Student: 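Quick one: this structure, given as structure tokens, is what I'll be asking you about.
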Amino acid sequence: MSRSETHADMGGTRFDNFGPTMKALPLAIASFLVFAAAASAQPAPSLYTTCEKLVEDLKDFHPPEGDLVVIEVTGPLEVAETGDGLAYMGVCGNQAPKVMCVTYKLNGFDVGDRVTVTGSFRRLEPDFIVLDPCLNSPPGRG
């Protein structure tokens with residue numbers, strides 16, 4: 001039994017750790033997919049960081065609203081859920097801001113693993129970032 005299944009048996013989801021912002025995520029994904037469909041390719045990341053350095057690295061990071069900006073974050077996987085044809089990977093769950101990667105496959109990663117997520121940056125709240133579309137890989141493999 002995976003750690004995700006064990007948690008689900010306890011009556012909740014790992015999204016509980018990511019707070020009420022998760023309720024707004026489907027609408028944010030739908031609106032972003034319209035924009036993403038028009039984009040031809042994802043550019044190289046503008047910011048490479050870790051959960052441990054994320055708060056500091058974001059202090060002077062203010063990309064123009066509406067621009068396609070990609071960031072890469074490495075940290076412990078706090079959320080690993082699938083549903084509706086998508087996979088959701090949350091990192092930096094014990095720190096603010098939390099980062100949610102919306103992708104298609106978990107690629108064998110499970111809660112507790114260290115993972116690198118790279119995707120189009122969108123800040124939904126001061127303490128909640130969505131990377132969508134997003135790719136995941138082992139740290140150091142980009």
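Keep in mind that this is a model prediction, so the values were computed, not measured.
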Student: Run the numbers on Arg123 and Phe128 for side chain to side chain contact (heavy atoms under 4.5 Å, CB included), then give the verdict.
Tutor: CA-CA 6 Å; Arg123 187 171 239 166; Phe128 195 88; over 6 Å; no
Student: Going by the rule salt bridge (Lys or Arg N to Asp or Glu O under 4.0 Å), which residues pair with Arg114 if we only count those two or more places apart in sequence or in a different chain?
Tutor: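 With neighbours one apart ignored, the set is Glu52.
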Student: Between Ala87 and Leu106, which heavy-atom pair has the shortest distance, and what is it?
Tutor: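 That would be CB-CD2, 3.7 Å.
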Student: Return the OG to CG distance between Ser46 and Leu68, rounded to the nearest 0.5 Å.
Tutor: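 Separation between the atoms: 8.5 Å.
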Student: Val91 and Val70: same hydrophobic cluster, using ILVMFWY side-chain contacts below 4.5 Å?
Tutor: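 No, it is not one cluster - the side chains of Val91 and Val70 are not joined through contacts under 4.5 Å.
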Student: Side-chain contact test, heavy atoms from C-beta onward, threshold under 4.5 Å: evaluate it for Pro133 versus Ser120 and give yes or no.
Tutor: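 Result yes, sub-4.5 Å side-chain heavy-atom pair found.
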Student: Working to the nearest 0.5 Å, report the span between CG of Asp67 and CZ of Phe121.
Tutor: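 It is 12.0 Å, given to the nearest 0.5 Å.
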Student: Are Phe109 and Leu131 connected in the hydrophobic side-chain network, where two residues link if heavy atoms are under 4.5 Å apart?
Tutor: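 Looking at the clustering, Leu131 is in the same group as Phe109.
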Student: Exactly one of Thr82, Val102, Asp132 should register a side-chain contact (heavy atoms from CB on, under 4.5 Å) with Tyr88. Which one does?
Tutor: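 It is Val102; the other options fail the test.
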Student: Quick one: CD on Glu72 to SG on Cys134, what's the gap to the nearest 0.5 Å?
Tutor: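 Glu72 atom CD to Cys134 atom SG measures 10.0 Å (nearest 0.5 Å).
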Student: If I take atom CD1 from residue Ile129 and atom CG from residue Leu54, how far apart are they, to the nearest 0.5 angstrom?
Tutor: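 With rounding to 0.5 Å, CD1 (Ile129) is 5.0 Å from CG (Leu54).
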Student: Distance-only, no hydrogens or angles: does the Thr50 side chain make a donor-acceptor pair with backbone N or O of Thr74 under 3.5 Å?
Tutor: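 Checking the backbone N and O of Thr74 against the side chain of Thr50, no donor-acceptor pair under 3.5 Å is found.
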Student: Taking C-beta and beyond as the side chain, do Pro138 and Thr116 meet within less than 4.5 Å on heavy atoms?
Tutor: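 A side-chain contact is absent here, since even the closest heavy-atom pair is not under 4.5 Å.
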Student: Just jot down the salt bridge (Lys or Arg N to Asp or Glu O under 4.0 Å) partners of Glu65, sequence neighbours excluded, or say none.
Tutor: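 Expected list: none.
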Student: If you apply the rule side chain to side chain contact (heavy atoms under 4.5 Å, CB included), what do you find for Ile71 with Tyr48, and how did you get there?
Tutor: CA-CA 6 Å; Ile71 70 168; Tyr48 297 85; over 6 Å; no
Student: Assigning hydrophobic clusters by single linkage (Ile, Leu, Val, Met, Phe, Trp, Tyr; side-chain heavy-atom cutoff under 4.5 Å), is Leu47 placed with Val115?
Tutor: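 Yes, Leu47 connects to Val115 through the hydrophobic network.
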Student: Can you tell me how far the CD atom of Glu78 sits from the NZ atom of Lys98, to the nearest 0.5 Å?
Tutor: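 One gets 9.5 Å once the value is rounded to the nearest 0.5 Å.
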Student: Side-chain heavy atoms under 4.5 angstrom apart, residues restricted to Ile, Leu, Val, Met, Phe, Trp, Tyr: same cluster for Val130 and Tyr104?
Tutor: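 Yes: a chain of side-chain contacts under 4.5 Å links Val130 to Tyr104.
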Student: Between Cys51 and Pro76, is any pair of side-chain heavy atoms under 4.5 Å apart?
Tutor: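 Cys51 vs Pro76: side chains touch.
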Student: Mind checking the CG-NZ spacing from Leu58 to Lys53? Nearest 0.5 Å is all I need.
Tutor: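 Atom-to-atom, Leu58:CG and Lys53:NZ are 11.5 Å apart.
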Student: For Asn136 and Lys105, indicate whether the former's side chain and the latter's backbone hold a donor-acceptor pair under 3.5 Å.
Tutor: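 Yes.
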Student: How far apart are the closest heavy atoms of Val99 and Cys92, and which atoms are they?
Tutor: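 For Val99 and Cys92, the tightest heavy-atom pair comes out as CG2-SG, 4.3 Å.
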Student: Do Leu86 and Val79 share a hydrophobic cluster, counting only Ile, Leu, Val, Met, Phe, Trp and Tyr and linking them when any side-chain heavy atoms are less than 4.5 Å apart?
Tutor: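 Linked, Leu86 and Val79 end up in one cluster.
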